Amino acid sequence: MGAIITLTTDFGLNDGYVAAMKGVIYSINPEATVVDISHNIEPHNIREAAFIFSTAYNFFPSYTVHLVVVDPGVGTNRRAIILKTPKAHFVAPDNGVLSYVIDTLSPQPMPNSGRVTLGADAQVYAITKSEFWRQPVSRTFHGRDIFAPIAARLSLGMMAFSLGDRVDTVTTLPIPHPHRTADTATGQVMHIDNFGNLITNIQENIVITTGQPVNINICDHTIRGLVPTYAEGKGLIALFGSSGYLEISLPNANAAAFLKAGIGDEVTVKPGGN
Amino acid sequence: MGAIITLTTDFGLNDGYVAAMKGVIYSINPEATVVDISHNIEPHNIREAAFIFSTAYNFFPSYTVHLVVVDPGVGTNRRAIILKTPKAHFVAPDNGVLSYVIDTLSPQPMPNSGRVTLGADAQVYAITKSEFWRQPVSRTFHGRDIFAPIAARLSLGMMAFSLGDRVDTVTTLPIPHPHRTADTATGQVMHIDNFGNLITNIQENIVITTGQPVNINICDHTIRGLVPTYAEGKGLIALFGSSGYLEISLPNANAAAFLKAGIGDEVTVKPGGN
Amino acid sequence: MGAIITLTTDFGLNDGYVAAMKGVIYSINPEATVVDISHNIEPHNIREAAFIFSTAYNFFPSYTVHLVVVDPGVGTNRRAIILKTPKAHFVAPDNGVLSYVIDTLSPQPMPNSGRVTLGADAQVYAITKSEFWRQPVSRTFHGRDIFAPIAARLSLGMMAFSLGDRVDTVTTLPIPHPHRTADTATGQVMHIDNFGNLITNIQENIVITTGQPVNINICDHTIRGLVPTYAEGKGLIALFGSSGYLEISLPNANAAAFLKAGIGDEVTVKPGGN
């Protein structure tokens with residue numbers, strides 16, 4: 001079956017690790033279509049992987065299998081999971097790397113646990129049935145020996161319940177949402193992209209009054225008003241980007257370098273005008 | 001249909017942008033074969049994209065769809081086009097990123113416009129029929145929302161005329177061709193490759209007298225004569241490379257770093273000997 | 001036929017060279033599945049290519065065609081070969097880039113030659129039949145003009161003997177194996193991976209007495225004992241990694257940067273305890 005399997009890892013593109021995973025996948029499902037999302041996640045950076053994955057996975061066809069392996073706890077007792085939704089299967093360590101996906105699945109927090117239960121549309125399975133893994137299983141590369149074989153079998157149409165045991169909860173990381181007072185929305189920089197654009201967590205619906213002028217503050221700079229595209233305006237500009245988030249950009253240049261901005265930097269939106 | 005779609009962008013390999021485009025393509029044509037040419041074009045560098053694309057596209061089979069998205073004007077009134085030739089379809093912003101392709105299609109300049117008309121073998125279509133785009137269309141990521149769906153539909157066999165409106169002209173950037181006086185050909189460095197080889201715009205037919213000795217000057221260095229391969233000669237060498245252009249190379253080392261050479265540096269070829 | 005072709009080169013991901021090879025492959029076998037192992041081998045570094053390739057090729061299905069092009073001698077009289085084993089075809093310059101594969105094929109050294117003969121299971125063919133190459137053949141890019149067409153034809157089921165002439169010997173580089181005295185095993189760092197892990201050439205069977213405590217010395221640091229996973233232990237740790245080699249790691253950090261370690265640095269394993 002020609003199902004799609006996407007890969008997101010922190011393995012980089014210099015080593016043979018990604019190819020070893022692909023070799024295992026094609027050995028089980030020669031008809032799979034394997035698509036890289038990114039392998040340049042900063043090593044062990046679960047939050048970055050979660051964010052970048054969130055900007056891409058939703059554009060794939062139904063029944064895609066998404067494999068996300070940023071797994072600093074490999075070989076310890078951290079759980080490996082399959083998350084099944086009506087649209088896709090997600091195969092990953094249970095460490096929060098799927099947090100943005102989970103955020104769309106009606107999560108209900110379990111107090112003091114960093115874990116949530118999900119709405120009726122989604123099911124979580126602990127990957128437990130070792131007869132479906134590559135043997136012998138390395139203690140340091142479950143991407144190759146456990147996750148890749150499980151993703152390949154899902155792409156062949158095997159059911160998640162035959163590969164693992166249903167569990168009730170899943171780990172999620174707190175996703176920083178913007179907060180607002182009477183006249184100010186305060187968010188933060190979530191990601192800096194290849195162009196140096198600063199992508200914030202402020203979505204279009206939080207901006208104070210649609211169509212009214214706003215001022216955006218970041219790193220002691222004030223940007224007056226929003227523009228529709230990267231090519232308009234002079235100096236620093238602010239606009240809503242392709243993932244629906246407020247972005248700060250510098251036309252034909254690198255806003256992050258200009259501002260010396262970093263992940264987590266505060267961004268505020270206030271009424272502007274005059 | 002298993003048609004090939006190539007991708008050339010300045011999106012880099014860290015973000016999810018390339019994968020979002022691939023997800024859109026596979027959602028429309030699950031049987032497409034998607035091949036990366038390069039995603040490491042310098043951001044907004046249309047000339048670099050045009051050159052690198054020119055070294056690869058011609059090796060693909062007939063009916064390949066080539067998608068080139070280096071698009072600093074995204075969301076403005078710059079046109080998006082399909083260029084149809086007897087061998088392939090090219091989908092790109094109308095900003096000159098296809099200049100080397102156009103240079104092979106009998107272009108006739110329109111005075112003072114940066115635009116050309118093409119010979120009878122090639123047709124240009126403005127991408128206008130929004131019912132074939134991904135909706136809603138972001139103003140900042142037409143690669144995902146317009147170009148990828150159009151490329152996918154072409155790969156399914158849809159005709160260019162059903163996706164857009166025929167137009168007469170297309171934008172091209174001036175391609176620097178070498179010039180020659182009585183005894184000297186003068187060109188420039190067009191590209192520095194992964195090995196540090198300096199690739200010029202001087203082709204084999206411009207070299208003064210085939211088989212006669214020549215001296216090549218670059219960055220205050222003189223190279224006497226041509227060698228057939230990278231492994232021959234000592235110190236700096238000059239040879240005709242795999243794209244037919246004169247290259248300056250340093251065996252087992254990086255000529256660009258050694259010479260502190262850059263794009264646009266002048267290269268001359270004169271009669272040598274004795 | 002949907003056979004797999006893997007690619008390992010030092011061409012990098014910025015230029016169009018890898019894509020040109022893929023275009024040639026798909027022009028001959030549109031049904032091939034092309035998988036990148038790595039294109040970020042250091043330019044001309046045959047040893048690095050040989051090592052990285054060795055960590056990935058064995059995970060691919062039977063009948064995979066492996067194309068390895070790190071070829072500083074391109075265009076000279078170095079031989080181009082097909083190595084056929086019961087499991088796969090390998091297409092490469094005859095310069096040692098397949099040394100780790102050859103090491104598994106009962107090699108018998110030819111004195112003072114850097115060449116070996118192989119056991120009965122493996123055959124070597126010189127690539128000689130130019131009617132199966134892309135014409136005209138560049139003297140500087142045999143990856144595109146000779147190796148890619150040959151790999152594509154093998155993936156279509158053509159026999160190696162119809163593409164070249166059987167030869168008796170193949171070039172191999174000396175692979176540094178660890179040596180041991182009464183109580184000490186001495187090896188070296190073979191590779192530094194994307195995480196900064198130092199991968200040595202010491203395999204599990206050389207460690208002195210299974211289950212007994214050991215001390216590992218590297219760069220004037222002593223590591224006491226082995227741990228099972230990257231997440232256990234404090235400070236520098238040592239463990240057997242996914243390719244079966246002893247690795248030195250620093251949890252959630254970069255051991256190579258911390259130790260200022262490099263390829264070839266000595267690693268010793270001695271009895272520990274108390």
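Since the model is a prediction, treat every value here as computed from it, not as a measurement. Order of the sequence lines sets the chain letters (A, B, ...), proteins ahead of strands, with each chain counted from 1.
By the neighbour-count criterion of 12 heavy atoms within 6.0 Å, atom CE of M158(A) is densely surrounded, having more than that number from other residues, nucleotides or ligands.
By the ring-ring contact (aromatic ring centres under 6.0 Å, His included) test, H177(A) is found to be paired with no residue, residues two or more places apart in sequence or in another chain being considered.
Contact count versus chain A (heavy atoms, under 4.5 Å) is highest, among P136(B), G73(B), P43(B), for P43(B). Contact count against chain B (heavy-atom pairs under 4.5 Å) is highest for P228(A) among G241(A), A231(A), P251(A), P228(A). Here F59(A) is the residue among F53(A), F60(A), F59(A), F195(A) with the most heavy-atom pairs under 4.5 Å with chain B.
For chain B, the nearby part of I192(A) is the backbone; its heavy atoms alone come within less than 4.5 Å. Using a 4.5 Å cut-off between heavy atoms, V74(B) touches chain A through backbone and side chain atoms alike.
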Under 3.5 Å, which donor-acceptor pairs link chain A to chain B? Give each pair on its own line with the distance.
residue: S38(A); atom: OG; partner: L13(B); partner atom: O; Å: 3.1
residue: S38(A); atom: OG; partner: N14(B); partner atom: O; Å: 3.1
residue: N40(A); atom: ND2; partner: N14(B); partner atom: OD1; Å: 2.9
residue: F59(A); atom: O; partner: V24(B); partner atom: N; Å: 3.4
residue: F59(A); atom: O; partner: S27(B); partner atom: OG; Å: 3.2
residue: H191(A); atom: NE2; partner: D15(B); partner atom: OD1; Å: 2.5
residue: D193(A); atom: OD2; partner: Y17(B); partner atom: OH; Å: 2.5
residue: N194(A); atom: N; partner: D15(B); partner atom: OD2; Å: 2.8
residue: N194(A); atom: ND2; partner: D10(B); partner atom: O; Å: 2.8
residue: N194(A); atom: ND2; partner: F11(B); partner atom: O; Å: 3.4
residue: S242(A); atom: N; partner: T140(B); partner atom: OG1; Å: 3.2
residue: S242(A); atom: O; partner: R144(B); partner atom: NH1; Å: 3.0
residue: S242(A); atom: O; partner: R144(B); partner atom: NH2; Å: 3.0

